[in-house]
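A quick write-up on the structure given underneath.
Order of the sequence lines fixes the chain letters, A, B, ..., with proteins taken first and strands second; residue numbering starts at 1 for each chain. Hydrogens, waters and symmetry mates are skipped; everything else that's a heavy atom, side chains included, is used.
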Amino acid sequence: MNIFDKYLDKIKKILLDLSKNGDLILPDKLDGITTETPPSKFNSDISTNVAMVLSKANNKLPTDLAVTLAEAIKKSDNLIDDISIIKPGFINIKFKPIFWTNFIEEIIKNFETFGINTNEKKNSYLVEFVSANPTGPLHVGHCRGAILGDVIANVLLFNKHKVTKEYYVNDYGNQIINFTKSVYFRIREIIYKENFPKDNDDLYPGDYLIDFAQNIINLNKKIDFKDFEKISEELTALSIEEALKLIKNNLNILGINHDNFISEKKIVKNHEVEKVIDFLQKNNFVYKGKIKAPAGENNEKWVEREQLLFKSTDFGDDKDRALQKSDGAWTYFASDVAYHKNKLDRKFDYLINILGADHAGYIKRISSSVDALSGKKNKLICKISQLVKLIKNNKPFKMSKRKGDYITVDDLIKEVGKDATRFIMLNRSSDVELDFDFDVVKEKTKDNPLYYVQYCYARIASVYRHLGLELNSKVDVKDYSFEYSKEEIDILKKISEWPKCIEAASTKLEPHRIPVYLYELASEFHSYWNLGKDNPKKRFINDQKEISDDKIALLKVVSNIIKSGLSIVGVDAPEKM
RNA sequence: GCGCUUGUAGCUCAACUGGAUAGAGCGCCUGACUUCGGAUCAGGAGGUUCUGGGUUCGACUCCUAGCAGGCGCACCA
């Protein structure tokens, strides 16, 4: 029930009628015509720019054209109370109160579908996110992208798309060898009391590896750990298993569950890289060549090497990209291309990758490869999650790789909680840097937007409790003949924007719109609630301990949206706080 | 040097794919608690949307040239 879409359709129909009669000239496309919420000062409900869009084709002033159009619109709809034309040529529609009564009745009868974007074609999506290297626990830096991916998936699911959530496990390559060695040294430390070589920069120094080592020792009594070469393969698998256990546990704490974990190693062992390169070769997208050093940099150490390159410049990249190392091994990029071929073969309509800001430079080359493999554009959508700046005691908190000096997901959630973390991380557009202030996030006041929104829900729950009603049961409204007050209509207007919010969040993959919207709705509600303080007549519950149907319906709708919005964000809607 | 990205109130950020007099919160100032839960509300001050050009009925939004910050720019993953 999107009233903006509904009235846009109505207006377009009217335009067609008018043009048939020769009263109006229409351009080829009616794209630019919109319906939206007018600024509050106009005391109006829906506005349209139609007169301005069509003024040129009709060679008329927008305000003149608006007169004709406004008349036609008003004539077509008996729920319109008043229609006015404002300066540049906006047509503002004001509804009769009964419009809003009908509106709420329809929502209550269709709770399950309210907000779902009905225009959109239903697609299947693969969302790849987190994909952190399986060498240790997740830290705060991973958190934002993890939550972004999860909630993008939730928004798409809410809109009835098909979604698969996937984690690409980089369990192949040099870093894994170094990781396994590090685990091995920790094992020797435990069994043979040898010191861990702290000065070796290639190794992973983190204390968590001691736990990995101990677990591996405990669970594999039969293994003789003396000779690394003999057990390296087995130890690699065990080490990755430990890391993944920890990562999955971290994700779980964040409320995130992936459907698939895809192993890079498996893709390589399956010869998928060779196959995909073969394909690219046949289609003339690869060649042997050299990559030039970037200009303006210190390039003394640059060595030009002849390697197998992918022609990503054909697709807008600034240089071609290496697929094979000089020792013959595939680059990370090569196996990632194979992975994306693997994704494409699974026939999703769209692939979504969530990347950290430091990987933004990677987007062109990987989307180039997807373009080359699929012969299509825009199949792959990459979203960047920008940096999170941590603030503690009003000071930036720098994480460094030095042991013990970074905050893990575990630490974070223990300190501030899952819900606050999710809400705050999402409350901003993903492409701006985010200040994450520990002290604010922990605070339980209106400074913390999560509690502000949850409090709204808890207040409604409290009213229901006072009346001995169940918030989650069906509302019992017999007769929808009531009228709403101005303040109530303000809330209803906000509610009417919910489907628009969901649509934008879904089509633009911008889930931050949801917490922002929920905050605004909660704000309208808190104002309304406080009216009852000055004027007892505006309280929900009257002196006879009763509530009227109009209010019970309104409360129900507000609480439902808050609840379903919070569930998309992935946080609780508590009835008591 | 090149690419991507950000620049909006003192601070942190919104702005419905180009709409109207650019909105919130924090901070500052003034007010409302024997509360249907004050974890709340009402009001005030605060703006050349980084700068210059362009496109148009209309630009925070699009184009272009700059400026400033961030990220990235080999066979790491």
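- Glu128(A) and Lys343(A) are joined by a salt bridge, as a carboxylate oxygen and a charged side-chain nitrogen come within less than 4.0 angstrom of each other.
- For His512(A), a side-chain nitrogen or oxygen approaches OP1 or OP2 of rA15(B) to under 4.0 Å.
- Closest approach to the Tyr455(A) side chain among rA14(B), rC13(B), rG38(B) is made by rG38(B) (side chain taken as heavy atoms from C-beta onward).
- The stretch residues 537-553 of chain A comes close to RNA chain B through Arg539(A), Phe540(A), Ile541(A), each having a heavy atom under 4.0 Å from the strand.
- Salt bridge present: Lys493(A) and Asp45(A) bring a charged side-chain N and a carboxylate O closer than 4.0 Å.
- No contact: Phe4(A) has no heavy atom under 4.0 Å from any strand.
- Counting any heavy atom pair closer than 4.0 Å across all strands shown, Asn92(A) reaches a base atom.
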Using side chain to side chain contact (heavy atoms under 4.5 Å, CB included), reason through Phe540(A) and Ile552(A) one step at a time and then give a plain yes or no.
CA-CA 8 Å; Phe540(A) 297 118; Ile552(A) 208 154; over 6 Å; no

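- Taking atom P on both nucleotides, rA15(B) is separated from rG3(B) by 28 Å, rounded to a whole Å.
- When the side-chain nitrogen and oxygen atoms of Arg459(A) are compared with OP1 and OP2 of rG38(B), one or more of them lie within a distance under 4.0 Å.
- Note on Gln324(A): nothing from the nucleic acid sits closer than 4.0 angstrom, heavy atoms only.
- The separation between Leu518(A) atom CG and rA24(B) atom C1' is 15 Å, rounded to whole Å.
- Using a 4.0 Å heavy-atom cutoff across all strands shown, Val432(A) reaches sugar-phosphate atoms only and no base atom.
- Of all nucleotides listed (rA77(B), rA74(B), rC16(B)), rC16(B) comes nearest to the side chain of Thr37(A).
- Rounded to an integer number of Å, the gap from Ile514(A) CD1 to rA15(B) P is 13 Å.
- When heavy atoms are screened at a 4.0 angstrom cut-off, Lys87(A) is found touching the sugar-phosphate backbone but no base atom.
- Between the side chain of Asp358(A) and the base of rG72(B), no donor-acceptor pair of N or O atoms lies under 3.5 Å.
- Here, rA59(B) and rC50(B) have their P atoms 15 Å apart, quoted to the whole Å.
- Using a 4.0 Å heavy-atom criterion, one finds that Glu510(A) contacts no nucleic acid atom at all.
- Ranked by how close their nearest RNA chain B nucleotide is to the 5' end, Thr331(A) and Asn49(A) are led by Asn49(A).
- Contact of Asn427(A) with rA14(B) (side chain to base): no donor-acceptor pair of N or O atoms is detected under 3.5 Å.
- Checking rG1(B), rC41(B), rA14(B) against the side-chain heavy atoms of Tyr452(A) singles out rC41(B) as nearest.
- Looking at Lys500(A) and Glu503(A), no side-chain N of the basic residue comes within less than 4.0 Å of a carboxylate O on the acidic one, giving no salt bridge.
- Of the possible polar contacts, none joining the Glu306(A) side chain to the Gly289(A) backbone as a donor-acceptor pair under 3.5 Å is found.
- With distances taken from any side-chain atom of Lys41(A) to the nucleotides rU21(B), rU12(B), rG25(B), the minimum falls on rU21(B).
- Classified by interplanar angle (parallel below 30°, tilted 30° to 60°, perpendicular above 60°), the ring pair Tyr168(A)/Tyr339(A) is parallel.
- Distance check on atom P: rC11(B) versus rG27(B) gives 16 Å, rounded to whole Å.
- Using a 4.0 Å heavy-atom distance criterion, Ala357(A) is classed as a sugar-phosphate-only contact.
- For Ala522(A) and Ser430(A), each mapped to the nucleotide of RNA chain B holding its nearest heavy atom, the one lying further toward the 5' end belongs to Ser430(A).
- With distances taken from any side-chain atom of Lys325(A) to the nucleotides rG38(B), rC76(B), rC41(B), the minimum falls on rC76(B).
- For Tyr452(A) and Tyr519(A), the ring centers are positioned less than 6.0 Å apart.
- Not one N or O on the side chain of Asp435(A) forms a donor-acceptor pair closer than 3.5 Å with the backbone of Lys389(A).
- In this structure, Ile86(A) reaches the bases: a heavy-atom distance under 4.0 Å links it to at least one base atom across the strands shown.
- Stacking is found between Trp529(A) and the pyrimidine-like six-membered ring of the rC36(B) base under the 5.5 Å centre-distance and 30° plane-angle cut-offs.
- A distance-only check finds no donor-acceptor pair linking the side chain of Asn178(A) to the backbone of Leu203(A) [under 3.5 Å].
- Listed nucleotides: rA14(B), rC16(B), rG3(B). Nearest to the side chain of Asp318(A): rG3(B).
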Which donor-acceptor pairs under 3.5 Å do side chains of residues 58-68 of chain A form with protein atoms, sequence neighbours excluded?
unit_1: Asn58(A); atom_1: OD1; unit_2: Ile25(A); atom_2: N; d: 2.7
unit_1: Asn58(A); atom_1: ND2; unit_2: Ile25(A); atom_2: O; d: 2.9
unit_1: Asn58(A); atom_1: ND2; unit_2: Leu54(A); atom_2: O; d: 2.9

Per-nucleotide protein contact along nucleotides 55-69 of chain B, 5' to 3', at a 4.0 Å heavy-atom cut-off (B base, S sugar-phosphate only, - neither), is --B------------

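- With rG19(B), rC41(B), rC76(B) as the choices, the nucleotide that has an atom nearest any side-chain atom of Phe90(A) turns out to be rG19(B).
- Nearest nucleotide to the side chain of Lys533(A), out of rU6(B), rA32(B), rC16(B): rA32(B).
- Side-chain atoms of Pro38(A) lie closest to rA20(B) of the nucleotides rA20(B), rU12(B), rA77(B).
- Nucleic acid contact for Ala293(A): none, since no nucleic acid atom lies under 4.0 Å from a heavy atom of the residue.
- Base engagement by Thr507(A) is indicated by at least one non-hydrogen atom pair under 4.0 Å involving a base atom.
- Counting non-hydrogen atoms under 4.0 angstrom, Glu304(A) reaches nothing in the nucleic acid.
- Across rG54(B) and rU61(B), the matching C1' atoms stand 15 Å from one another, rounded to whole Å.
- Side-chain proximity of Ser527(A) to rC41(B), rA14(B), rC16(B): nearest is rC41(B).
- Nucleotides rG18(B) and rG7(B) have their P atoms positioned 16 Å apart, rounded to a whole Å.
- In this model, no side-chain donor or acceptor of Ser523(A) finds a partner on the base of rA24(B) within 3.5 Å.
- Side chain of Arg321(A) to backbone of Leu309(A): no donor-acceptor contact under 3.5 angstrom is found.
- Residues Phe438(A) and Phe436(A) bring their aromatic ring centres within 6.0 Å.
- A stacking contact between Tyr362(A) and rG72(B) is absent: the pair does not combine a ring-centre distance of less than 5.5 Å to the base's six-membered ring with planes differing by less than 30°.
- Residue Lys494(A) forms a salt bridge (charged side-chain N to carboxylate O under 4.0 Å, His left out) with just one option from Glu520(A), Glu524(A), Glu487(A), and that option is Glu520(A).
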